[in-house]
Protein chains: 2
Amino acid sequence: MTNNTKRDRFFNLTLVLIHEKGFKATTMRAIAQNLQFEVANVYNYIASKESFLEESLFGIQQEFLLAMDTIEHSEYDARKKLELVIGSYIQITSERPYEQALLVNEWRNLKTPKLEEFVKRRREYERQLETIIQQGIEMGQLRDMDSELATKMILSTLRWSYQKFLSNKAQSNPLILEKQLIDFIFHGILMK
Amino acid sequence: MTNNTKRDRFFNLTLVLIHEKGFKATTMRAIAQNLQFEVANVYNYIASKESFLEESLFGIQQEFLLAMDTIEHSEYDARKKLELVIGSYIQITSERPYEQALLVNEWRNLKTPKLEEFVKRRREYERQLETIIQQGIEMGQLRDMDSELATKMILSTLRWSYQKFLSNKAQSNPLILEKQLIDFIFHGILMK
DNA sequence: TATTTACATGAACACTTGTTCATGTAAACT
DNA sequence: AGTTTACATGAACAAGTGTTCATGTAAATA
């Protein structure tokens, strides 16, 4: 019913195309041409250009939210939770790098009720991460710092990581990258 | 000749609008409406929508390249050079946050010869930064690590900083932010 | 065998896009 | 006083946009 080869091909190739050109710049005709058929046929796969974006975005965002919820409700300490957040982030990203690229670069193209919903959920994710960092500071595991700034810096470091898994280059090993990112975020770059 | 109030107003407000809506989503008619005049009048300020993007992008990019060149040719050690790169990055960003936002978010919209030129210059900037990091590793000032990855992580941390200077929020003090970013990049977040 | 399903086409639609052109006006220079 | 300069308008354009509709076909299912 849903697990069809042609359908998969459509979604995979379209995600790559949108990543390369940008959502707005990717026309329905370009999507069709990329798959070697006519424009009208695109509507046998998706209801609209807008709905394709919405479903891709909310689909992958949900993955991140679920991972964060699981970690938040666990019994680990803040440092371990932070490691798990980074680990889950890299794992999801390595499995679905093009959807993650969409999440990072194309969410602005959502229209008005969906856009607010998206931003609200993202803020919730950030708030959960910031809470973990605050706990780490209180417990003395993390240095005393501006927790909001730390949250933003960590996320900006993670957000970039999808580039390591795009299919046009030698792909990284997620576990190695995870270790490198934890190293950077925890210890910085300076020699001790 | 060039320092006209109305011109300044045009460029400032248009940069804000493009930052809010995105370049592709910002129509010439929206730019005109934002300034309370008619579409045709926009062409008294700029030659085309495309040229506006090009000139904004290459203008601010040049600032970064010049700062990097000065630092590269200085006699400081790698650690000090890295501090200067971060400092100049934050200073430029704090002075022109909306152009920096354009640089980060809208460079994809450049068309084919200009796009390659832009990417080439950005790569050169990244290469210069990576060289400094490599020197730091060789001199034992920085930990032994993947210098390319370190470069990307540092830049992704810096790229996000323009958000701290947008006019719709309480603006940060550039010098304080610079110190916080150097702290994060050099020492990470873990308590020693 | 009959029928549903998935995939495909081509023509047309209403609308939006960036841009141009001819023209106008008020202030600033010469 | 005459002329250049900066700023402004309204109408029109050609091209491109997402989407719809009626229709077709070959394979899977009943």
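Chain letters run A, B, ... following the sequence lines, proteins first, then strands; residues in each count from 1. None of the values given here were measured: they were computed from a predicted structure.
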Euclidean distance, atom CD of residue A:Gln33 to atom P of D:dG18 [Å, nearest integer]: 13 Å

Parallel, tilted or perpendicular: ring planes of B:Phe64 versus B:Tyr125, cut at 30 and 60 degrees: perpendicular

Non-neighbouring partners of A:Phe52 that pass ring pair (Phe, Tyr, Trp, His ring centres under 6.0 Å), sequence neighbours left out: A:Phe11

Parallel, tilted or perpendicular: ring planes of B:His19 versus B:Tyr98, cut at 30 and 60 degrees: perpendicular

Side-chain donor/acceptor contact of B:Asn44 with base of D:dA8 under 3.5 Å: yes

Check nucleotides 16-25 of chain C for protein N or O atoms closer than 3.5 Å to its own N or O atoms and list the pairs.
residue	atom	partner	partner atom	Å
C:dG18	OP1	B:Lys49	NZ	2.9
C:dG18	OP2	B:Met28	N	3.0
C:dG18	N7	B:Arg29	NH1	2.8
C:dG18	O6	B:Arg29	NH2	2.9
C:dT19	OP2	B:Tyr43	OH	2.8
C:dT19	OP2	B:Lys49	N	2.9
C:dT19	O5'	B:Tyr43	OH	3.1

Value in whole Å for how far the P atom of D:dG18 lies from CG of A:Asn109: 12 Å

Identified side-chain hydrogen bond (donor to acceptor under 3.5 Å, both in side chains) counterpart of A:Tyr89 within the set A:Arg159, A:Glu178, A:Gln100: A:Gln100

Nearest-Å distance for atom pair NZ/C1', residues A:Lys6 and C:dT5: 13 Å

Length of the CD-C1' vector between B:Glu38 and D:dT9, whole Å: 6 Å

Any side-chain donor near an acceptor of the partner, A:Gln180 and A:Asp183, under 3.5 Å: no

Atom-to-atom span, CZ of B:Arg7 to P of D:dA8 - whole angstrom: 11 Å

Length of the line joining B:Ile46:CD1 and D:dC7:C1', which is rounded to integer Å: 15 Å

Between C1' of D:dC7 and CG of B:Leu35, the distance in whole Å: 12 Å

Whether A:Phe118 and A:Trp107 hold their rings parallel, tilted or perpendicular, with breakpoints at 30° and 60°: parallel

Between P of C:dA6 and CZ of A:Arg9, the distance in whole Å: 19 Å

